[in-house]
K.L.:
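Quick one: the structure is below, questions incoming.
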Amino acid sequence: MQPYNYITYKPDYYSFASSSGCEYDYYFYDFSSSFYLYPDLAPKVFGFNLELTFKPAGLDKVPLDKRIAATVTDIVKTFLLKKENVVVYVCDNSDNREKARFHKFYHWFKEYNDGSIVQLRGVIRAGNTNILNALLIHKDNPQLNDFIEAFEIITGIFTKPDDDELENILNDDGEW
Amino acid sequence: MSAKATPEFQQRTAAYFAEKTKEAKGTAKMLVALEMSNYIREARKHGLSFEELKKAGFKFATV
């Protein structure tokens, strides 16, 4: 599947048009605040948004277009290629369509992944809200394990033991 | 084009979300992250340019 040609408006965003005449902006924004407990990792964490900025008059519904998925994943792969940055996507739940959005992105990154990108999915339960999210990272990122551990802690997949507890575990020669 | 503050749309700064994240506990930090993501999207819909968002402290990146 051939991605659409896109224009890079450095250092802010990317833009492309589909064959139906729809225009999209796509951008990565600083997501460091959610990783602020990890100062070594935080500056390398970005979120992303895809926006439909123009729809031709008379086009009621944006047609299904797999080249949009190919374009978006191509931009993400390029963004991660330096093996420094990671991308977190958090699905908007304001319209109760977060599950559909999440599955769409998940399948985009799965279908167009050449094996270079690791995708970790998470569900955060905050109060009565479920937040669907995922981390995208290059498999050869030298901080892969650090990012995965931080992401798992932030998303609540597991709770990091405090230092005393960790010390006890590491020094415990007892039977498992 | 600058967006105007309306009852539906209140302009925010990156510092506002950074402070809110620090105050949030545990996984609630991700709720703030989601709020910031939604804010940037809404700000763009209300006509804020990337330049204006950057002036408000938001950062963007390309390669």
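Every chain is numbered from 1, with letters handed out A, B, ... down the list of sequences. Here the structure is a predicted model, which means the values were calculated and not measured.
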K.L.:
Can you say whether Tyr27(A) sits under 4.5 Å from chain B via the side chain, the backbone, both, or neither, judging by heavy atoms?
P.N.:
side chain
K.L.:
If I measure from the heavy atoms of chain B, does Thr8(A) come under 4.5 Å with its side chain, its backbone, both, or neither?
P.N.:
side chain
K.L.:
Which of residues 16-23 of chain B get closer than 4.5 angstrom to chain A, counting heavy atoms alone?
P.N.:
Ala18(B), Thr21(B), Lys22(B)
K.L.:
For Tyr9(A), which atoms come within 4.5 Å of any heavy atom of chain B: side chain, backbone, both, or neither?
P.N.:
backbone
K.L.:
Can you tell me how the ring of Tyr26(A) sits relative to the ring of Phe28(A), calling it parallel under 30°, perpendicular over 60° and tilted otherwise?
P.N.:
perpendicular
K.L.:
Once the angle between the rings of Tyr39(B) and Phe9(B) is folded into 0 to 90°, is it parallel (under 30°), tilted (30 to 60°) or perpendicular (over 60°)?
P.N.:
parallel
K.L.:
Is a donor from one side chain sitting under 3.5 angstrom from an acceptor on the other, for Tyr89(A) and Gln119(A)?
P.N.:
yes
K.L.:
Out of Tyr24(A), Tyr14(A), Tyr13(A), Phe16(A), which residue meets the ring-ring contact (aromatic ring centres under 6.0 Å, His included) rule with Tyr6(A)?
P.N.:
Tyr14(A)
K.L.:
How many angstroms lie between CZ in Phe147(A) and CG in Asn85(A), if you round to the nearest 0.5 Å?
P.N.:
8.0 Å
K.L.:
For residues Phe48(A) and Leu52(A): do they belong to one hydrophobic cluster (side chain heavy atoms under 4.5 Å, members Ile, Leu, Val, Met, Phe, Trp, Tyr)?
P.N.:
yes
K.L.:
Under a 4.5 Å cutoff for heavy-atom pairs, which residue among Val32(B), Leu34(B), Asn38(B) has the most contacts with chain A?
P.N.:
Leu34(B)
K.L.:
Keeping the roles fixed (side chain from Arg67(A), backbone from Met1(A)), state whether a donor-acceptor pair exists under 3.5 Å.
P.N.:
no
K.L.:
Is it true that a side-chain atom of Lys55(A) and a backbone atom of Asp60(A) form a donor plus acceptor pair closer than 3.5 Å?
P.N.:
yes
K.L.:
Counting N and O atoms only, with roles assigned by atom type, does the side chain of Tyr4(A) sit under 3.5 Å from a partner on the main chain of Ser19(A), one being a donor and the other an acceptor?
P.N.:
yes
K.L.:
Looking only at heavy atoms and a cut-off of under 4.5 Å, which of Ile131(A), Asn49(A), Val90(A) has the most pairs with chain B?
P.N.:
Asn49(A)
K.L.:
Can you tell me which portion of Glu51(B) sits under 4.5 Å from chain A's heavy atoms? Options are side chain, backbone, both or neither.
P.N.:
side chain
K.L.:
Under 4.5 Å from any heavy atom of chain B, what part of Phe79(A) do you find: side chain, backbone, both or neither?
P.N.:
both
